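First up is the structure itself, then whatever we jot down about it.
As a basis for the values below, the full set of heavy atoms in this structure was taken, side chains included, without hydrogen atoms, waters or symmetry mates. This structure is a prediction, so every number in the text was calculated from the model and none was measured. We name chains A, B, ... by the order of the sequence lines, and we start the count at 1 in each one.
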Protein chains: 2
Amino acid sequence: MAAKKAPTTARRKAVPARPRGGAKGRASASVPDLFQVLRGRIASQAIAPGAKLRETELAAEFGVPRTRIRDALAALEQRGLVVREPNRGAVVTRLDLSQVFHIYDLREALEGLAARLATERMPPEHWQKDVALFKGPMKDLIAQGDLDTYIEQYELLRLRIIEAAANPVLAEMLDIIYEKTQVLIRRIIILPGRAEIGRGQHLATLEAMRRGDAAEAERLRREGLRTAKATLEKYQRYVL
Amino acid sequence: MAAKKAPTTARRKAVPARPRGGAKGRASASVPDLFQVLRGRIASQAIAPGAKLRETELAAEFGVPRTRIRDALAALEQRGLVVREPNRGAVVTRLDLSQVFHIYDLREALEGLAARLATERMPPEHWQKDVALFKGPMKDLIAQGDLDTYIEQYELLRLRIIEAAANPVLAEMLDIIYEKTQVLIRRIIILPGRAEIGRGQHLATLEAMRRGDAAEAERLRREGLRTAKATLEKYQRYVL
DNA sequence: GGCCCGCAAAGTGTCAACACTTGTGCAGAC
DNA sequence: GTCTGCACAAGTGTTGACACTTTGCGGGCC
């Protein structure tokens with residue numbers, strides 16, 4: 001409606017001071033910006049699975065031409081976050097049961113690798129404070145039922161391990177399945193006793209890393225993910 | 001002109017005869033088509049690493065509007081096959097040494113997983129003919145120096161294993177690094193004695209699969225890739 | 001003779017209008 | 001009353017044109 005009457009409002013005329021490179025051009029959002037925003041909304045469930053993403057609507061909201069929304073949607077499709085059917089538009093993919101288990105198999109392989117590489121590339125002392133964290137404070141968080149903070153801290157550890165692994169290709173692949181793990185972790189961790197079991201496994205893995213035992217760290221990380229998957233299978237009726 | 005159907009997205013509606021614009025009866029290539037063609041050229045080194053891809057040029061060659069080339073280039077960029085700089089255009093990425101080793105670590109994790117899943121999901125007899133293939137004919141091919149046929153057959157086995165693993169997410173990830181492995185395999189296999197060593201390891205893995213020993217199949221596949229990586233490290237001056 | 005400035009061409013980035021497809025509501029017939 | 005066909009509207013797909021950036025080249029100045 002109002003979209004066509006929008007006066008072009010000197011968006012770029014004679015203001016070359018801000019070439020586009022940056023992330024947060026306040027003039028208008030770039031395609032990567034849009035991608036990140038939409039990705040965040042999908043990951044946080046702000047946009048429910050199955051919801052339709054209308055191009056014109058989004059274009060109006062962000063104040064950008066529809067073409068740019070289109071490019072962002074194409075990127076989301078490549079990442080598997082939305083599905084587009086010709087002339088039907090884009091809808092947020094809902095992860096089905098089989099895909100969930102497939103992702104756990106992937107996590108077992110990828111995060112196991114990450115644990116091994118991180119152990120190999122860092123001096124053992126590097127993990128000292130993480131061992132301490134999981135031994136004490138994290139246990140308290142679980143006991144208090146503050147799972148949000150626990151998950152937040154765990155996510156930070158996860159990022160530190162990925163960074164320490166220093167393998168960009170691996171990081172990229174873990175990033176691809178990030179949104180989905182994000183959702184799954186929150187669903188599994190509320191299962192009875194699961195949080196404490198997970199903490200114990202993380203602690204064991206970290207202690208192996210602190211010993212510099214890369215092979216054992218990989219094995220323990222994989223074992224942890226396998227039991228998580230088993231838990232998910234057992235309780236799938238309640239979780240999904 | 002190789003495969004034109006994109007495996008990931010089924011775009012075709014197949015009914016209407018494309019009444020676009022009137023005159024020409026030529027159906028123009030879709031974005032997935034263009035993606036596949038360009039991907040093939042990059043994988044086969046028909047377009048050298050570092051070469052520039054000019055949009056107007058490609059648009060003229062394929063007889064499609066430039067916008068469509070743009071979308072295809074965006075997809076290639078997401079896959080890491082080209083790098084685009086603003087106003088500078090797209091150039092084919094050249095894989096550097098560190099990335100090569102990173103990819104081998106990934107292959108170890110991913111193809112190991114594929115071997116395990118394939119073993120678990122298929123009856124042991126399913127691999128009988130592959131064992132026979134690697135025991136006899138493949139040995140002859142190497143002895144005759146017909147490495148192209150050998151690689152071709154190996155690629156087919158690789159695809160069968162991935163298909164048997166029945167994990168679409170895993171398949172997608174292996175697909176992402178496909179082009180790069182493609183190039184690397186051809187460089188490693190010409191090293192002295194390497195082809196025969198590789199064959200022996202593939203045979204051992206296949207025999208574990210025929211025994212239904214999934215864990216051992218995974219271990220052997222991983223071991224094979226680790227030695228391949230070691231060979232690459234040893235001879236990197238000659239290969240890269 | 002070398003350096004710098006400015007111009008021009010090539011190529012990329014952006015956009016708004018146009019064409020087509022699909023879903024929906026309404027009217028008419030059985 | 002219900003079903004069927006048609007027409008309209010909403011939304012997506014496509015296209016050519018236009019604006020901006022980079023770069024190579026030539027002329028003028030030091």
Please enumerate all protein N or O atoms sitting under 3.5 Å from an N or O of nucleotides 7-11 of chain C, with distances to 0.1 Å.
none

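- Within 6.0 Å of CD in A/E172 there are more than 12 heavy atoms belonging to other residues, nucleotides or ligands.
- In terms of the salt bridge (charged side-chain N to carboxylate O under 4.0 Å, His left out) criterion, A/R94 has no residue partners (sequence neighbours excluded).
- At the phosphate of C/dC15, neither OP1 nor OP2 sits under 4.0 Å from any side-chain N or O atom of A/R66.
- Taking atom CG of residue B/D71 and atom P of nucleotide C/dC15, one finds them 15 Å apart after rounding to whole Å.
- For B/D146, the salt bridge (charged side-chain N to carboxylate O under 4.0 Å, His left out) test picks out no residue, with sequence neighbours left out.
- By the ring-ring contact (aromatic ring centres under 6.0 Å, His included) test, B/H202 pairs with B/F134, B/Y154, sequence neighbours left out.
- Sequence neighbours left out, the pairs with a member in residues 45-54 of chain B that pass side chain to side chain donor-acceptor pair (under 3.5 Å) are B/R54-B/E57.
- An OP1 or OP2 oxygen of D/dG13 is reached within less than 4.0 angstrom by a side-chain nitrogen or oxygen of A/R84.
- OP1 and OP2 of D/dT14 both lie 4.0 Å or more from every side-chain N or O belonging to A/R70.
- Residues satisfying the salt bridge (charged side-chain N to carboxylate O under 4.0 Å, His left out) criterion with B/R107, sequence neighbours excluded, are B/E111.
- Taking the nucleotide of DNA chain D with the nearest heavy atom to each of A/T67 and A/A90, the more 5' of the two is matched to A/A90.
- Going from atom CD of B/E85 over to atom P of C/dT12 covers 13 Å, rounded to whole Å.
- Spacing between atom CD1 of B/I69 and atom P of D/dT15 amounts to 11 Å, rounded to whole angstrom units.
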